[in-house]
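The structure appears right after this line, and notes come after that.
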Amino acid sequence: MSYSESTIAILTILKQLPVGKVISYGEVAKLAGYPNGARQVVRILSSLSDTEHLPWHRVVNKQGQIALSGEGAFIQKALLEAEGVVVSDEGKIDRRFFVS
DNA sequence: CTGCTGACGGTTC
DNA sequence: GGAACCGCCAGCA
């Protein structure tokens with residue numbers, strides 16, 4: 001189970017994400033040292049979220065909207081609200097819930 | 001090796 | 001304010 005450097009860096013950032021806060025894919029990548037690695041973050045969340053126990057639901061796009069469609073978005077919305085994050089009906093999150 | 005894909009982002013019109 | 005386009009890079013057929 002050895003991951004590439006970028007993967008490990010991204011995993012580290014995600015695990016440090018505080019409860020009740022959200023972050024954008026781009027921010028995660030940026031903090032991990034990969035300014036334009038948003039797509040790698042996406043990959044990691046979709047394929048390693050369960051095995052690495054990542055808070056995948058705390059990651060949304062920069063517009064504060066849930067990037068998933070269908071049930072996934074519904075579940076993410078529920079998980080976020082359970083942590084105190086306010087999500088509008090359209091699945092939009094206010095900037096004040098973003099880290100930094 | 002080549003090409004396609006994706007839970008994105010920034011710019012442009 | 002929003003749609004369209006392009007760039008990004010790792011994984012996979």
Side-chain angles (χ1 to χ4, degrees):
Chain A
M1 294 201 1
S2 60
Y3 300 119
S4 63
E5 230 178 293
S6 57
T7 301
I8 295 176
I10 292 171
L11 288 177
T12 303
I13 300 299
L14 290 174
K15 289 179 179 177
Q16 290 177 0
L17 193 61
V19 178
K21 294 278 189 175
V22 297
I23 192 171
S24 70
Y25 300 89
E27 273 300 297
V28 174
K30 194 175 182 180
L31 292 175
Y34 299 83
N36 32 12
R39 318 212 60 142
Q40 277 65 277
V41 176
V42 168
R43 284 193 147 302
I44 292 169
L45 287 178
S46 61
S47 77
L48 304 178
S49 58
D50 56 329
T51 53
E52 288 296 328
H53 306 127
L54 302 174
W56 62 271
H57 56 281
R58 288 182 212 155
V59 186
V60 297
N61 62 25
K62 216 161 196 179
Q63 304 169 73
Q65 297 174 179
I66 292 176
L68 288 173
S69 57
E71 298 180 51
F74 181 75
I75 295 172
Q76 181 168 14
K77 180 176 181 295
L79 289 171
L80 287 174
E81 294 186 318
E83 294 186 347
V85 177
V86 177
V87 184
S88 69
D89 300 322
E90 298 177 345
K92 192 171 182 180
I93 301 167
D94 193 275
R95 298 200 209 302
R96 61 192 164 81
F97 289 110
F98 277 71
V99 290
S100 299

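Residue numbers start from 1 in every chain, and the chains themselves are labelled A, B, ... in the order their sequence lines are given, proteins ahead of strands.
For the contact set between residues 22-32 of chain A and DNA chain B, defined by any heavy atom under 4.0 Å, the members are A:S24, A:Y25, A:G26. Looking at residues 74-93 of chain A, you'll see that no heavy atom sits under 4.0 Å from any atom of DNA chain C. For DNA chain B, no neighbouring residue in residues 4-19 of chain A is found when judged by any heavy atom under 4.0 Å.
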For residues 87-99 of chain A, run the donor-acceptor check on the side chains, cut-off 3.5 Å, and write out each pair with its distance to 0.1 Å, sequence neighbours left out.
| from | atom 1 | to | atom 2 | distance (Å) |
| --- | --- | --- | --- | --- |
| A:S88 | OG | A:E90 | N | 3.4 |
| A:S88 | OG | A:K92 | N | 2.9 |
| A:S88 | OG | A:K92 | O | 3.4 |
| A:D94 | OD1 | A:R96 | N | 2.9 |

When the side chains of residues 41-49 of chain A are checked against the rest of the protein, which donor-acceptor pairs come out under 3.5 Å, sequence neighbours left out?
| from | atom 1 | to | atom 2 | distance (Å) |
| --- | --- | --- | --- | --- |
| A:S46 | OG | A:V42 | O | 3.1 |
| A:S46 | OG | A:R43 | O | 2.9 |
| A:S47 | OG | A:R43 | O | 3.2 |
| A:S49 | OG | A:L45 | O | 2.9 |

Return a table of donor-acceptor pairs under 3.5 angstrom between the side chains of residues 6-15 of chain A and protein atoms on other chains or two or more places apart.
| from | atom 1 | to | atom 2 | distance (Å) |
| --- | --- | --- | --- | --- |
| A:S6 | OG | A:S4 | OG | 3.3 |
| A:T7 | OG1 | A:S4 | OG | 2.9 |
| A:T12 | OG1 | A:I8 | O | 2.8 |
| A:K15 | NZ | A:E52 | OE1 | 3.4 |

Listing, residues 21-40 of chain A side-chain donor-acceptor contacts under 3.5 Å, not counting sequence neighbours, or none:
| from | atom 1 | to | atom 2 | distance (Å) |
| --- | --- | --- | --- | --- |
| A:S24 | OG | A:E27 | N | 3.1 |
| A:Y25 | OH | A:V59 | O | 3.4 |

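By the criterion of side-chain heavy atoms lying less than 4.5 angstrom apart, applied directly or through intervening Ile, Leu, Val, Met, Phe, Trp or Tyr residues, A:F74 is not grouped with A:L68; the two fall into different hydrophobic clusters.
When atom types are taken as modelled, the side chain of A:N61 and the backbone of A:G64 share a donor-acceptor pair closer than 3.5 angstrom.
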Tabulate protein N/O versus nucleotide N/O from nucleotides 1-5 of chain C, keeping only pairs under 3.5 Å, one per line.
none

Got a list of protein N/O to nucleotides 11-13 of chain B N/O distances below 3.5 Å?
none

Check the interface with nucleotides 2-6 of chain B: list each N/O to N/O pair with the protein under 3.5 Å, or write none.
| from | atom 1 | to | atom 2 | distance (Å) |
| --- | --- | --- | --- | --- |
| B:dG6 | N9 | A:R39 | NH2 | 3.1 |
| B:dG6 | N7 | A:R39 | NH2 | 3.2 |

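Between A:K62 and B:dC8, a side-chain N or O to OP1/OP2 separation shorter than 4.0 Å is absent.
Distance CG (A:N36) to P (C:dA10): 10 Å, rounded to an integer number of Å. As rounded to whole Å, 11 Å separates atom C1' of B:dG10 from atom CD of A:Q63. Taking atom CD on A:Q65 and atom P on B:dC8, their separation rounds to 11 Å, with Å as the unit.
Residue pairs satisfying the side chain to side chain donor-acceptor pair (under 3.5 Å) criterion with at least one member in residues 70-81 of chain A, sequence neighbours excluded, are listed as follows: A:K77-A:E81.
The side chain to side chain donor-acceptor pair (under 3.5 Å) check on A:Q65 picks up nothing, with sequence neighbours excluded.
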